[in-house]
S.K.: 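First, the structure itself, so that you have it in front of you.
In what follows, chains are A, B, ... by sequence order, proteins preceding strands, each numbered from 1.
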Amino acid sequence: DGGITQSPKYLFRKEGQNVTLSCEQNLNHDAMYWYRQDPGQGLRLIYYSQIVNDFQKGDIAEGYSVSREKKESFPLTVTSAQKNPTAFYLCASSIRNNEQFFGPGTRLTVL
Amino acid sequence: AQSVTQLDSQVPVFEEAPVELRCNYSSSVSVYLFWYVQYPNQGLQLLLKYLSGSTLVKGINGFEAEFNKSQTSFHLRKPSVHISDTAEYFCAVSDGAGKSTFGDGTTLTVKP
């Protein structure tokens, strides 16, 4: 079955640690996205990539980093510079200008 | 720049009643419009989309939306809701350059 997978579903991190969230898709989509969702709020764009080896900052990129070495993979690293990292993180992919397909999300909690 | 405003943060409705979730957008270029649904602790699923053509768009689960360019709106409707429609609904606009902007969401609660 085609789709997007995110792992892990739940992640706990101590303050000061970097952590990497995985996102893989087998839909052959060129574009991939990372969003952050906080309670009662919409989705805020962290980073997006429209092609391999290229990515752009979204609206809240500070404290985050990404890579796009393969078409299928778009991992997100939450660094210690992110002041308030506890949130629900969603990865998505799309064919340009069309709907986005979302993964099941990773809930990150900083202890 | 583009933006999306969902006019109602919460919409309570009784089962089998009609419902309308309102969405206004602003954009300086041609837009592509979407409605997504999110169930608790899950990702978003596409309900329907407007890319071009007919302004009345039909989606899954009996939902439909109408694109109104003059009023810059894309309201979501369903003539008769079910308990299972209880979820968070997001309106989104794409600028054609691969970037989408989402509204803050509307929580639809269907009561028996």
Side-chain angles (χ1 to χ4, degrees), chain A residues 3-11 21 23-25 27 29-51 54-61 68 74 87-109, chain B residues 1-11 21 23-25 27 29-53 57 59-60 63 65 74 87-109:
Chain A
I4 298 182
T5 57
Q6 291 185 244
S7 61
K9 187 170 179 63
Y10 298 97
L11 189 57
L21 281 60
C23 178
E24 304 277 334
Q25 55 100 357
L27 299 168
H29 288 169
D30 288 319
M32 296 187 75
Y33 310 82
W34 273 107
Y35 295 93
R36 170 181 172 138
Q37 187 177 27
D38 293 287
Q41 298 188 31
L43 280 66
R44 292 186 288 170
L45 183 64
I46 304 172
Y47 269 98
Y48 64 108
S49 168
Q50 298 188 45
I51 197 169
D54 187 44
F55 49 83
Q56 290 77 40
K57 292 182 178 180
D59 301 318
I60 57 165
R68 188 82 187 279
F74 191 42
F88 190 50
Y89 290 87
L90 287 163
C91 179
S93 70
S94 76
I95 298 171
R96 187 182 176 92
N97 297 338
N98 217 321
E99 75 262 28
Q100 295 187 13
F101 292 77
F102 284 82
T106 292
R107 188 167 298 280
L108 173 64
T109 302
Chain B
Q2 57 190 21
S3 66
V4 175
T5 301
Q6 292 185 239
L7 298 166
D8 308 292
S9 60
Q10 298 194 28
V11 174
L21 306 184
C23 173
N24 286 354
Y25 70 91
S27 178
V29 298
S30 297
V31 296
Y32 306 92
L33 294 159
F34 308 88
W35 275 100
Y36 295 86
V37 61
Q38 184 182 33
Y39 299 101
N41 295 312
Q42 295 185 25
L44 279 67
Q45 304 170 31
L46 181 73
L47 276 178
L48 47 80
K49 61 184 176 183
Y50 172 79
L51 302 181
S52 64
V57 179
I60 63 172
F63 284 94
F74 191 54
E88 188 85 11
Y89 292 80
F90 291 94
C91 181
V93 59
S94 172
D95 62 0
K99 186 178 173 183
S100 289
T101 299
F102 288 77
D104 286 340
T106 296
T107 301
L108 174 63
T109 303

S.K.: Quick one: does B/Gln6's side chain have a donor or acceptor within less than 3.5 Å of a partner on B/Cys91's backbone?
M.R.: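 Flag set: sc B/Gln6 to bb B/Cys91 pair under 3.5 Å.
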
S.K.: Let's go through B/Gln10 and B/Thr107 carefully: what are the C-alpha distance in whole Å and the side-chain angles of both, what is the deciding distance for side chain to side chain donor-acceptor pair (under 3.5 Å) to 0.1 Å, and is it a yes or a no?
M.R.: CA-CA 5 Å; B/Gln10 298 194 28; B/Thr107 301; 5.6 Å; no

S.K.: Of the backbone (N, CA, C, O) and the side chain (C-beta and beyond), which part of A/Asp30 lies under 4.5 Å from a heavy atom of chain B, both, or neither?
M.R.: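 Nothing of A/Asp30, per the 4.5 Å heavy-atom cut-off to chain B.
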
S.K.: Under 4.5 Å heavy-atom distance to chain B, tell me which part of A/Gln50 shows up: side chain, backbone, both or neither.
M.R.: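 Only the side chain of A/Gln50 comes within 4.5 Å of chain B.
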
S.K.: Given a strict heavy-atom distance threshold of 4.5 Å, which part of A/Leu45 is in contact with chain B: side chain, backbone, both, or neither?
M.R.: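 For A/Leu45, the side chain is the part near chain B, not the backbone.
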
S.K.: Applying side chain to side chain donor-acceptor pair (under 3.5 Å) to A/Gln100 and A/Tyr35, what does each step give before you reach the verdict?
M.R.: CA-CA 12 Å; A/Gln100 295 187 13; A/Tyr35 295 93; 2.9 Å; yes

S.K.: Is it the backbone or the side chain of B/Ser100 that comes under 4.5 Å from a heavy atom of chain A, or both, or neither?
M.R.: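 Both parts, backbone and side chain.
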
S.K.: Would you mind checking which part of B/Gln45 comes under 4.5 Å of any heavy atom in chain A, side chain (CB onward), backbone (N, CA, C, O), both or neither?
M.R.: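 Nothing of B/Gln45, per the 4.5 Å heavy-atom cut-off to chain A.
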
S.K.: Report yes or no: is the cationic atom of A/Arg107 (NZ for Lys, CZ for Arg) under 6.0 Å from the centre of the six-membered ring of A/Phe88, at an angle within 45° of the ring normal?
M.R.: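 Yes - A/Arg107 lies over the ring of A/Phe88, closer than 6.0 Å to its centre and within 45° of its axis.
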
S.K.: Take the angle between the ring planes of A/Tyr33 and A/Tyr48 and call it parallel below 30°, perpendicular above 60°, tilted in between.
M.R.: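 Parallel, since the angle between the ring planes stays under 30°.
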
S.K.: Which answer fits B/Leu46, side chain, backbone, both or neither, if we ask what part of it has an atom under 4.5 Å from a heavy atom of chain A?
M.R.: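 Just the side chain, heavy atoms under 4.5 Å.
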
